[in-house]
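In the text below, chain A, chain B and the rest are named by the order of the sequence lines, each starting its count at 1.
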Amino acid sequence: MPSPLFDEHADALELAPRLLGATLSAGGVTVRLTEVEAYLGVGVDPGSHAFRGPGRRNATMFGPPGRLYVYFTYGMHWCANVVCSPEGQASAVLLRAGEVVEGIEIARSRRPNCARDTQLASGPARLTRTLGLTGDDDGVDLATGRVRLTLPPRPVEGFATGPRTGVSGPGGSAEFPWRFWMPGEPSVSAYRAHAPQRRITRR
DNA sequence: GAAATGATCGTCT
DNA sequence: GACGATCATTTCA
């Protein structure tokens with residue numbers, strides 16, 4: 001069942017808070033999203049992969065909405081996004097964290113070193129690993145493909161917003177408070193409110 | 001407990 | 001040739 005959500009003319013900023021509470025299912029595991037980040041398109045968002053226009057990696061972002069954009073980073077991690085805007089606009093929402101609500105055994109087997117269940121998907125790369133997502137899932141249609149997105153019956157209320165995490169340069173500043181999360185959820189990482197404190201004493 | 005570090009490679013300059 | 005929308009582990013105070 002395709003969601004009417006993506007038929008509306010919207011971008012990642014509008015859709016990000018509405019993805020909170022949504023569930024994502026893949027490979028026998030279902031995760032309920034508790035933390036996301038919005039990324040916009042060409043020229044407007046210095047932190048976005050789409051900022052400099054289409055390229056090899058970000059092609060999916062420029063495609064139709066409702067698809068999964070998966071990319072590889074830091075030489076070992078996969079991160080997943082939901083493409084939001086109409087074709088050509090390239091705005092997407094990074095899925096940062098969630099809570100495993102189904103397939104907990106499979107999830108644990110995919111993350112053998114994970115101490116607590118609340119940390120199974122408490123980070124973008126952990127989330128993809130727990131769901132078994134890789135570059136093979138890039139471009140999958142979330143309504144009909146092997147990865148499924150189900151929106152909550154009603155948008156969650158009382159979500160929080162703040163600066164994005166892990167984005168260096170101008171895009172990471174408070175100028176773009178495009179991180180959205182559900183306060184109090186244990187799967188949401190305890191982020192430092194500002195840049196990490198530098199250690200005072202050095203050798 | 002907090003901060004530094006090593007792992008590891010595709011993509012773009 | 002540098003660096004990244006990160007994580008797990010080690011190291012330090």
Requested in this report: Pull out every stem in DNA chain B, meaning runs of 3 or more consecutive Watson-Crick or G-U wobble pairs with both distances under 3.5 Å.
Outcome: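 Counting only runs of 3 or more consecutive pairs, the stems involving DNA chain B are B:1-7 with C:6-12, B:9-12 with C:1-4.
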Interatomic distance, [X] [atom1] vs [N] [atom2] [rounded to whole Å]:
| X | N | atom1 | atom2 | value |
| --- | --- | --- | --- | --- |
| A:F72 | C:dC7 | CZ | C1' | 13 Å |
| A:R116 | C:dC7 | CZ | P | 16 Å |
| A:R57 | C:dA5 | CZ | P | 6 Å |
| A:W78 | B:dC9 | CH2 | C1' | 10 Å |
| A:Y71 | B:dC9 | OH | C1' | 15 Å |
| A:H77 | C:dC3 | NE2 | C1' | 14 Å |
| A:H49 | C:dA5 | NE2 | C1' | 5 Å |
| A:L127 | C:dC7 | CG | P | 10 Å |

Requested in this report: Check every strand shown and say whether A:R129 touches a base, only sugar-phosphate, or nothing at a heavy-atom separation below 4.0 Å.
Outcome: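 A:R129: no heavy atom of the nucleic acid under 4.0 Å.
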Query raised in the report: Strictly under 6.0 Å, is that where the ring centroids of A:H49 and A:Y71 end up?
Result: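 They qualify: ring centres under 6.0 Å apart.
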Of all the nucleotides listed ([options]), which has the minimum atom distance to the side chain of [X]?
| X | options | answer |
| --- | --- | --- |
| A:R56 | B:dT11, C:dA5, B:dT13 | B:dT11 |
| A:Y69 | B:dA7, C:dA8, C:dA5 | C:dA5 |
| A:R126 | B:dT8, C:dG4, C:dC7 | C:dC7 |

Query raised in the report: For A:Y39 and C:dA5, is the gap between ring centres under 5.5 Å while the planes differ by less than 30°?
Result: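 A:Y39 vs C:dA5: stacking yes.
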Query raised in the report: Is any side-chain heavy atom of A:T134 closer than 4.5 Å to a side-chain heavy atom of A:T128?
Result: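 No. Closest side-chain heavy atoms not under 4.5 Å.
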Query raised in the report: Side chains of A:R164 and A:Y39: closer than 4.5 Å at any heavy-atom pair?
Result: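 Answer yes - side chains close enough.
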Query raised in the report: Is the closest side-chain donor-acceptor distance between A:T60 and A:D138 under 3.5 Å?
Result: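 Yes, A:D138 and A:T60 have a side-chain donor paired with an acceptor closer than 3.5 Å.
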Query - P spacing across the pair B:dA3 / C:dA5, given as an integer number of angstrom - result: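 Each nucleotide's P atom is 22 Å from the other's.
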Report task. Indicate, yes or no, whether a donor-acceptor pair under 3.5 Å links the base of C:dA5 to the side chain of A:Y74. Result ->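 Absent.
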**Report entry** A:F159 with A:V82, same ILVMFWY side-chain cluster at under 4.5 Å
**Finding:**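 Linked, A:F159 and A:V82 end up in one cluster.
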**Report entry** Worked check of side chain to side chain donor-acceptor pair (under 3.5 Å) between A:S187 and A:S122
**Finding:** CA-CA 5 Å; A:S187 58; A:S122 64; over 6 Å; no
Requested in this report: Ignoring backbone atoms, test whether A:R96 places a side-chain nitrogen or oxygen under 4.0 Å from the OP1 or OP2 oxygen of C:dT6.
Outcome: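 Yes, because at least one side-chain N or O of A:R96 sits under 4.0 Å from OP1 or OP2 of C:dT6.
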Query raised in the report: Does A:R111 make a side-chain N or O approach to OP1 or OP2 of C:dA8 shorter than 4.0 Å?
Result: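 So the side-chain polar atoms of A:R111 do come within 4.0 Å of the phosphate oxygens OP1 or OP2 of C:dA8, strictly under.
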Query raised in the report: At their closest point, which heavy atom of A:T73 faces which heavy atom of A:C79, and how far apart are they?
Result: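 Shortest heavy-atom contact: CG2-SG, 4.2 Å.
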